[in-house]
2 protein chains.
Amino acid sequence: MKDILEKLKSNGYKLTQPREKVLELLSHNHKALSAQDIHSFIKDVDKASVYRTLNLLEELGIVNIENFNNEKLYCLSADPHHHIICKKCGFSEEVPCTYEHYNFSNFSNVQHQMTLTGVCNKCNK
Amino acid sequence: MKDILEKLKSNGYKLTQPREKVLELLSHNHKALSAQDIHSFIKDVDKASVYRTLNLLEELGIVNIENFNNEKLYCLSADPHHHIICKKCGFSEEVPCTYEHYNFSNFSNVQHQMTLTGVCNKCNK
DNA sequence: ACACAATTGCGAATGGTTTGCAATAGCAAA
DNA sequence: TTTGCTATTGCAAACCATTCGCAATTGTGT
Ligand SMILES: [Mn+2]
Ligand SMILES: [Mn+2]
Ligand SMILES: [Zn+2]
Ligand SMILES: [Zn+2]
């Protein structure tokens with residue numbers, strides 16, 4: 001948290017109240033939240049500022065985005081982890097990376113699925 | 001393709017021109033397309049009908065949705081396969097499931113990533 | 001305290017997706 | 001074939017999440 005504020009400063013950004021409130025929420029609420037979720041938690045920060053803050057934090061690599069059901073969910077960048085997402089309602093939960101022997105007490109029918117990413121030749125300059 | 005039309009019929013849906021055109025496009029264009037992509041290919045079908053068709057085809061399990069960069073991409077359900085997606089531009093390509101020894105001639109920095117899915121206790125009735 | 005630039009809040013604009021409704025097309029029975 | 005009934009379409013308007021423009025405010029360094 002301290003290091004995050006430093007990262008903002010060292011990149012020439014101010015430490016404003018909207019930014020601190022969004023970061024505090026994300027650090028206390030260890031799950032992925034949508035921009036709207038976040039705004040509903042901190043109603044005294046304007047919607048537009050929430051969006052601007054999240055976009056900035058993503059550019060700086062402070063938050064990660066995950067897409068689920070066509071909406072962006074934000075969470076603090078952290079040690080590598082996976083997400084388990086309910087196919088029916090979208091409820092999600094982080095699980096440690098060593099999933100093989102993990103006991104999924106809150107989920108059944110657990111499956112894992114690959115997603116491949118890369119950079120195509122055209123983009124690879 | 002014949003089986004798909006049967007599936008529509010057997011579920012009580014008519015075989016209309018919009019539906020046939022969307023299906024034909026998806027079957028000839030073996031990659032994931034957005035609703036807008038699809039509408040731009042078949043301009044004589046109204047936008048709203050394209051969306052309605054895609055939503056129906058998804059409910060019936062005829063097409064799969066993949067989320068990339070916060071947009072829904074549709075492709076025909078097919079034998080299990082992965083997608084390789086360019087992080088920069090979103091270009092995607094299907095690759096066979098046996099990816100370990102595959103030569104990714106069009107991509108570099110290829111990585112695979114896990115996504116876990118399941119059904120949570122609440123939904124599990 | 002001061003000054004200046006960055007940032008905010010507000011309201012308006014945007015753009016993709018959905019919806020209401022009257023006109024049309026598909027399908028099955030006559 | 002023709003008829004009749006319902007599902008489906010096209011169109012325009014509504015919707016809703018996200019972005020933008022701009023004047024007022026805040027943060028920061030002097
Ligand atoms: Mn996370
Ligand atoms: Mn596919
Ligand atoms: Zn690319
Ligand atoms: Zn659930």
Side-chain angles (χ1 to χ4, degrees), chain A residues 1-2 4-26 32-60 62-75 90 92, chain B residues 1-2 4-26 32-60 62-75 89-90:
Chain A
M1 189 67 181
K2 255 302 168 291
I4 292 178
L5 300 181
E6 276 317 305
K7 193 170 194 175
L8 273 176
K9 254 192 157 153
S10 68
N11 281 81
Y13 294 103
K14 294 180 178 173
L15 266 45
T16 65
Q17 293 209 38
R19 285 168 186 164
E20 287 187 286
K21 287 182 176 171
V22 169
L23 284 169
E24 221 224 357
L25 174 60
L26 286 177
L33 298 173
S34 70
Q36 305 184 130
D37 292 337
I38 293 169
H39 179 238
S40 76
F41 279 117
I42 45 183
K43 303 172 285 296
D44 55 329
V45 173
D46 189 77
K47 207 175 359 145
S49 301
V50 169
Y51 282 103
R52 282 185 287 230
T53 296
L54 291 172
N55 288 340
L56 173 64
L57 295 177
E58 194 225 337
E59 276 170 26
L60 295 180
I62 294 172
V63 299
N64 284 337
I65 296 182
E66 23 191 300
N67 280 97
F68 180 71
N69 232 57
N70 212 32
E71 71 175 347
K72 293 186 182 181
L73 304 181
Y74 298 84
C75 68
S92 75
Chain B
M1 190 67 181
K2 255 307 170 288
I4 293 179
L5 300 182
E6 276 318 305
K7 191 169 195 175
L8 275 176
K9 251 190 157 154
S10 69
N11 280 79
Y13 294 104
K14 294 179 180 174
L15 266 46
T16 65
Q17 293 209 39
R19 287 168 184 164
E20 287 187 286
K21 285 181 178 172
V22 168
L23 284 169
E24 220 224 357
L25 174 60
L26 286 177
L33 298 174
S34 69
Q36 305 185 132
D37 292 337
I38 293 169
H39 179 237
S40 76
F41 278 118
I42 45 182
K43 303 172 286 295
D44 55 329
V45 173
D46 188 77
K47 209 177 355 150
S49 301
V50 169
Y51 282 102
R52 282 186 286 230
T53 296
L54 290 172
N55 289 340
L56 173 64
L57 294 178
E58 194 224 337
E59 275 170 26
L60 295 180
I62 294 172
V63 298
N64 284 336
I65 296 183
E66 22 190 301
N67 279 95
F68 180 71
N69 233 57
N70 212 33
E71 72 175 346
K72 293 186 182 181
L73 303 181
Y74 298 84
C75 67
C89 68

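By convention in this document, chain letters (A, B, ...) are assigned in the order of the sequence lines, proteins followed by strands, and residues within each chain are numbered from 1.
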Notebook entry, point to check: In whole angstrom, what separates B:N11's CG from D:dA7's P?
Noted result: 15 Å
Margin query: Working to the nearest 0.5 angstrom, can you tell me the gap between B:C75 SG and B:L26 CG?
Written below: 8.0 Å
Notebook entry, point to check: Does the side chain of B:D37 come under 3.5 Å of the side chain of B:S34 through a donor N or O and an acceptor N or O?
Noted result: yes
Check: When rounded to the nearest 0.5 angstrom, what is the spacing between CG in B:L54 and CG in B:L73?
Finding: 11.0 Å
Note to self: What is the distance, to the nearest angstrom, from the CD atom on B:E20 to the P atom on D:dT9?
What the structure shows: 11 Å
Margin query: So if I apply the side-chain contact (heavy atoms from CB on, under 4.5 Å) rule between B:L57 and each of B:V22, B:I65, B:N64, which one comes out positive?
Written below: B:V22
Notebook entry, point to check: Taking only residues two or more places apart in sequence, or in another chain, which ones meet A:K47 in a side chain to side chain contact (heavy atoms under 4.5 Å, CB included)?
Noted result: A:H39, A:Y51
Next item on the list: Write down the distance between CD1 (A:I42) and P (C:dT8), rounded to a whole number of angstrom.
Entry: 11 Å
Check: So which one's nearest nucleotide on DNA chain C is more toward 5', A:V45 or B:K47?
Finding: A:V45
Next item on the list: Would you mind reading off the distance between B:K43 atom NZ and D:dC11 atom C1', rounded to a whole angstrom?
Entry: 19 Å
Check: C:dT8 C1' sits how many Å from A:K21 NZ, rounded?
Finding: 12 Å
Notebook entry, point to check: Can you tell me how far P of C:dG15 sits from NZ of B:K72, to the nearest Å?
Noted result: 21 Å
Item checked: Sub-4.5 Å side-chain heavy-atom contact between B:L8 and B:L56 -> yes
Check: B:L8 has an atom CG; how far is it from atom P of D:dA7, in whole Å?
Finding: 15 Å
Item checked: Point-to-point distance, once rounded to the nearest 0.5 Å, from CD1 of B:I62 to CG of B:N11 -> 7.5 Å
Next item on the list: Working to the nearest 0.5 Å, report the span between CZ of B:R52 and CZ of B:R19.
Entry: 10.0 Å
Note to self: Using a 3.5 Å distance criterion without hydrogens, assess whether the side chain of B:K21 forms a donor-acceptor pair with backbone atoms of B:V45.
What the structure shows: no
Checklist line | Reading 5' to 3' through nucleotides 25-30 of chain D, protein heavy-atom contacts under 4.0 Å coded B for base, S for sugar-phosphate only, - for none | finding: -BBS--
Under 3.5 Å between N/O atoms: give me all the protein pairs with nucleotides 19-22 of chain C, atom names plus distance.
residue : atom : partner : partner atom : Å
C:dG20  : O6   : B:R52   : NH1          : 3.4

Checklist line | Integer-rounded Å distance: C:dG9 C1' and A:R19 CZ | finding: 14 Å
